[in-house]
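Everything below concerns the one structure shown next.
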There are 2 protein chains.
Amino acid sequence: MSWRKEQRRAERGYHHGNLKEALLQAALGLIAEKGAAGFTFADAARMAGVSAAAPYRHFRDRDELLSSIAQRGFEQFEARLTAAWDDGRPDTVTAFERVGKAYLAFAREEPAFYNAMFESGLPVDANPALQAASERAFNIIRAAAERLAALAPPGTPRPPAMMMALHIWSMAHGVASLFSRGDAARRKLPMSPDELLEAEVLIYLRGLGFPTDRRPPAKGAEPPPVPPEASSGSGVPPGGTPGGPWGKPK
Amino acid sequence: MSWRKEQRRAERGYHHGNLKEALLQAALGLIAEKGAAGFTFADAARMAGVSAAAPYRHFRDRDELLSSIAQRGFEQFEARLTAAWDDGRPDTVTAFERVGKAYLAFAREEPAFYNAMFESGLPVDANPALQAASERAFNIIRAAAERLAALAPPGTPRPPAMMMALHIWSMAHGVASLFSRGDAARRKLPMSPDELLEAEVLIYLRGLGFPTDRRPPAKGAEPPPVPPEASSGSGVPPGGTPGGPWGKPK
DNA sequence: CGGCTCATGTAAAAGCCGTTCACATGAGCT
DNA sequence: AGCTCATGTGAACGGCTTTTACATGAGCCG
């Protein structure tokens, strides 16, 4: 018995030295493997080479460990969205789409974080710190939407930025949840989740009256000139782009 | 001891008579209360008044009970979507939106089913029956999208119906997951989830070139109340903005 | 250096769950 | 009546979470 345990002890002594971080890392791995539901406090302890009771010196209970991971996830999420947004460079629409892709990329590349953040059933609003972190991440989308809303072509009503942000968020989250992760990702789709979301956002923006057929914009000036076209009030914005946002001949 | 137990026995005899159904109902209640993660096989058994081992006569394990519930959920879901679609009456766009609302209504009114179906972490594609049920439900959306796609105004490219269906699904699922259930529903929104989704779908459809301003044009002609104000930053000028799909006078 | 203290880790135990197994019961058929 | 098989019981195993009393040793103070 405890041949391993003795060895571990020999390696690191009675005190671990960095147990909290070790537990977070272990948990992250376990969640990635088996989902937040399957993740076990005891397993994390074992993986860190300590007894099952040790984690309680660093986390009130299993849920607090999960919350810590979710929070860390929101922080990284925010960082990635911020980087993707890049303050709207080179132009607002391009940057906006990059944010959408970053959303999906995060869901795909950090399944453990995403799981803890959105699929673990944590009471988000029970933990103020967690809620704040979540809000900071959302604020990136919100800020981007605000910039986009300000670009509304003259003549078209300017959409409420908050609503736009919520719409975009729901699209990204919907695509990520349904098609971009784990089992559900196996559904046979006519296109990749990235393409699906990109088309969805483009169509949506077009519905708001934004010109979405931007091609390599000449460096420099921000707003692509809006064609001074008179759109018939209730009518359809004259869709440029023959083939639509989807007809990608690859 | 087991004063209760003896009583139960007296009431129903050694054999329960309808345990399977009783377990399903009990589980449904428990999931609604505490989520699929918190739901316990033992609890369901207790609630049905039988020993902890009894459920194993009817379900291979806890997961199979969960799957049964998810499957039943997909069936009811399909039924509700079918009813909402009503074969496209009175007109395709109206019926289409009704489907969206039915999606949200289901998520709201049947949290236990929705939880089991979409948030329980069940390996959907591991269970063929479950997957089939899920597909049948999705096919309602797909069929509706097909009808809608066929209506594409002449001159505009006809969008792939499958893509539209996936888009709509992701919107509905995104809104339901993020804003229409449990804790997350507490986020202070500028509008209800229903309105949010309706606006989202309408804008999307407009982006595809569909005329979306069908609406009894009678009644109070004008006042476009600035949609529930939320943006603090680049505020919307309180002036004009004749309402788009969002400025609902209602 | 010697000793104190307190954060950190351990072992043991209680209580809950899921799951299995041998056994009990009784409903329905012959 | 007797048989049989589906259905329910109780006990038991192992695992998980969480608490409690105790052990260890790192850092500080004189």
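Naming convention: chains lettered A, B, ... in sequence-line order (proteins, then strands); numbering from 1 in each chain. From a predicted model like this one, the values you see are computed outputs, not experimental measurements. Only this structure's heavy atoms are used, side chains among them; waters, hydrogens and symmetry mates stay out.
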Subject >> side-chain N/O A:Thr40 vs D:dG15 OP1/OP2, d < 4.0 Å >> reply: no
Original post:
Is any side-chain nitrogen or oxygen of A:His58 closer than 4.0 Å to OP1 or OP2 of C:dG9?
Top reply: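 True: A:His58 side-chain N/O within range (under 4.0 Å) of C:dG9 OP1/OP2.
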Atom-to-atom span, [atom1] of [X] to [atom2] of [N] - whole angstrom:
{"X": "B:Leu19", "N": "C:dA27", "atom1": "CG", "atom2": "P", "answer": "16 Å"}
{"X": "A:His16", "N": "D:dG25", "atom1": "NE2", "atom2": "C1'", "answer": "16 Å"}
{"X": "B:Phe59", "N": "C:dG18", "atom1": "CZ", "atom2": "C1'", "answer": "15 Å"}
{"X": "A:Arg46", "N": "C:dA11", "atom1": "CZ", "atom2": "P", "answer": "13 Å"}
{"X": "B:Arg62", "N": "C:dT20", "atom1": "CZ", "atom2": "P", "answer": "15 Å"}
{"X": "B:Leu30", "N": "C:dC17", "atom1": "CG", "atom2": "P", "answer": "11 Å"}
{"X": "B:Lys34", "N": "C:dC16", "atom1": "NZ", "atom2": "C1'", "answer": "11 Å"}
{"X": "A:Phe41", "N": "D:dT19", "atom1": "CZ", "atom2": "P", "answer": "10 Å"}

**OP:** Decide whether a cation-pi geometry holds between A:Lys34 and A:Phe39; the criteria are a distance under 6.0 Å from NZ or CZ to the six-membered ring centre and an angle within 45° of the ring axis.
**Re:** no
Could you tell me whether [X] contacts a base, only the sugar-phosphate backbone, or nothing, with contacts defined as non-hydrogen atoms closer than 4.0 Å?
{"X": "A:Ala53", "value": "base"}
{"X": "A:Asp43", "value": "nothing"}
{"X": "B:Gly17", "value": "sugar-phosphate"}
{"X": "B:Tyr56", "value": "base"}

Original post:
Are the side chains of B:Met163 and A:Ile203 in touch, meaning some heavy atoms are under 4.5 Å apart?
Top reply: yes
Original post:
Any N or O donor-acceptor pair linking the side chain of A:Arg57 to the base of C:dG9 at under 3.5 Å?
Top reply: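 Looking at the base of C:dG9, it does pair with a donor or acceptor on the side chain of A:Arg57 (distance under 3.5 Å).
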Original post:
Taking the inter-plane angle between the rings of A:Phe106 and A:Phe113 on a 0 to 90° scale, is it parallel (under 30°), tilted (30 to 60°) or perpendicular (over 60°)?
Top reply: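 Parallel.
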**OP:** Identify the residue among A:Lys20, A:Glu64, A:Glu21 that makes a side chain to side chain contact (heavy atoms under 4.5 Å, CB included) with A:His58.
**Re:** A:Lys20
Subject >> N-O pairing of A:Glu146 and A:Arg142 below 4.0 Å >> reply: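 Salt bridge present between A:Glu146 and A:Arg142.
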